[in-house]
Structures are given as structure tokens and as C-alpha cells.
Amino acid sequence: MSSYEIAEALIAIQGVGFKPRDPITFKSGIKSPVYCDNRKFPFHPEQWAKVIHGFEQLVEEKQIPLDVVGGIEAAGIPHSAAFGFSAKKPSIFIRKEAKGHGAKKRVEGGDVSGKQVVLIEDLVTTGSSSLSAVEALRAEGAIVNDCLAIISYNFPEAIENFAQAGVRLHALTTFEAVLQIAIERATLDEAGAAIVRDWLREPHGWAKRRGLE
Ligand SMILES: O=P(O)(O)OC[C@H]1O[C@H](OP(=O)(O)OP(=O)(O)O)[C@H](O)[C@@H]1O
Ligand SMILES: O=C(O)c1cc(=O)[nH]c(=O)[nH]1
């Protein structure tokens, strides 16, 4: 499954929104003129199958050691569960925060101690959600060296965060691929594309630069 095919699939399920003049706030607090919504994939099984096959191919081609598949709450979980089921591997999930009641755990579903856990995230922006999950897993004795994601914005800070944590990030596609397709198809006009490119150059200060905050 190529990066282009996965980007096409995300566009086909209407999982990409361009909002150059009406920004959206990301988990990290970054204000953005674009939004990718991988949560829509399970509603479109034919397109979703491309994601799950993409993960299978990635693990096989890169010979990624895998005992357990771990989905990051919330949007990572459906993809992780489907991939684990299809690959006949156990799967667990990792909460972003421990609950205040019940077992109060972040890692749910099984014992990961001494196991090679491959993380599944739907989307990487800064990488902070992924790396917090890595910490929670390592605290339970898991071996975590690889994270698979559907899409990454490929921000330098995310690349640096993954490198520092000693985790390889393998994304099926990138926001750049999505942007290329949107420009080719004139889904995004030139003025809109210029705004998105300006955001990509320096996302943290973008909203201020444009007088939006
Ligand atoms: O790389 P980061 O800067 O951490 O951003 C990426 C995270 O943001 C979203 O989670 P969010 O908590 O917004 O939504 P969810 O609860 O649906 O997963 C997404 O699903 C990733 O987990
Ligand atoms: O960083 C985020 O919070 C984020 C970005 C994005 O494009 N889509 C999403 O679901 N979350």
C-alpha cells in the first residue's frame, strides 16, 4: 500500500478538512488550518482495509518484532484491534490518562512485561501522545521500539521526540501527500494552499502570525 493510496483513502472517506480561514485547535494546542480524521475509517470498511493491510505489509517488509499490538486511546484503538485480530496477535490499549476509579491503569488488556509491543497511533502531530504511551508501556516492563501510524505531519519536533525516546515512527502516509493530492485536484485553491504551507513552515506561531489570536 503506497503513501499515495493511503492519502487517497483518507480523502475518499472525507477524512481531511481544510479550514484556512476557520482554524481548529489540536491536542497540543497548535491552531491549524487543516484537520485529518482517521476516526471515520471504520465507517468505510473497503477503505479501512487498506490501512490494516498497510500495517501488515509494513511489519513484514521491515521485519518489525511484534508480540503484542498496542492501540493508543482513543483514535488508535479501532485500528490496533483490527490489525491485531487480522495478524492473530494479542492486542491491548493504552489510556492517555489513568482513570480515577477502577484499576486506575493506563495499560489495559493484558501483561506486557518482557513483550515487544508495537504501538498503533492514528495520527502523529507532535508525538507527545505516542511517547507518553511509550513511557506507560516501558513502566510495565514492555519493550517498545516501533510505532505505526496512519499519518504523520512530519513535524521536526515529532521526529526529534521519537529519536530521543529511541522509537522508530513508521507512518503509512504523510500530510504532504494529502496536500499534493488536494492541490492536484484543486480541492484547495492557491490562496488556501499558501496558507497551509505557511502553517507547515512554523505551526506554533501560525495563528498569531495571521492575526487569529
Ligand atoms: O502527536 P500529538 O500532538 O500528541 O497529537 C496526536 C494525537 O491527537 C489526537 O488525539 P486526541 O486526544 O485529540 O483524540 P482522541 O481522543 O480521539 O484520540 C490523535 O488521535 C493523536 O492521539
Ligand atoms: O494533533 C491533533 O490533535 C490532531 C490533528 C489532526 O489532524 N487530527 C486529529 O484527530 N488530531
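Computed from a predicted structure; not experimentally measured. Note that ligands are numbered from 1 as they come in the structure, with each ligand's atoms numbered from 1 the same way.
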Contact atoms of ligand 1, heavy-atom distance to Ser128 under 4.0 Å: 1 (O), 4 (O)

Ring centroid separation Trp199 to Phe155 under 6.0 Å: yes

Does this structure show an ion pair linking Glu213 with Lys31, if we count only N-O contacts that are shorter than 4.0 Å? yes

State whether Arg209 and Glu202 are salt-bridged, where the test is any N-O pair (Lys NZ or Arg NE/NH1/NH2 against Asp/Glu carboxylate O) under 4.0 Å.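 A salt bridge links Arg209 with Glu202.
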
If you measure every N or O of [X] against every N or O of ligand 2, does any of those distances drop under 3.5 Å?
X: Asp122; result: no
X: Asp37; result: no
X: Tyr153; result: yes
X: Phe26; result: no

Does Ser129 reach ligand 1 with a nitrogen or oxygen that is under 3.5 Å from one of the ligand's nitrogen or oxygen atoms? yes

I need the contact type for Val34 against ligand 2. Using non-hydrogen atoms and a strict under-4.0 Å cut-off, is it side chain, backbone, both or neither? neither

Any idea which part of Asp122 is under 4.0 Å from ligand 1, heavy-atom wise: side chain, backbone, both or neither? side chain

Can you tell which part of Glu73 has a heavy atom less than 4.0 Å from ligand 1: side chain, backbone, both or neither? backbone

Compute the minimum heavy-atom distance from Leu123 to ligand 1 and say whether it is under 4.0 Å. yes

Give me the residue, atom name and distance of the protein heavy atom closest to atom 15 (P) of ligand 1. Arg39 NH2, 3.7 Å

Within the 4.0 Å heavy-atom shell around Cys36, which atoms of ligand 2 are there? 6 (C), 7 (O), 8 (N), 9 (C), 10 (O)

Those atoms of ligand 2 less than 4.0 Å from some heavy atom in Tyr35: 6 (C), 7 (O), 8 (N), 9 (C), 10 (O), 11 (N)

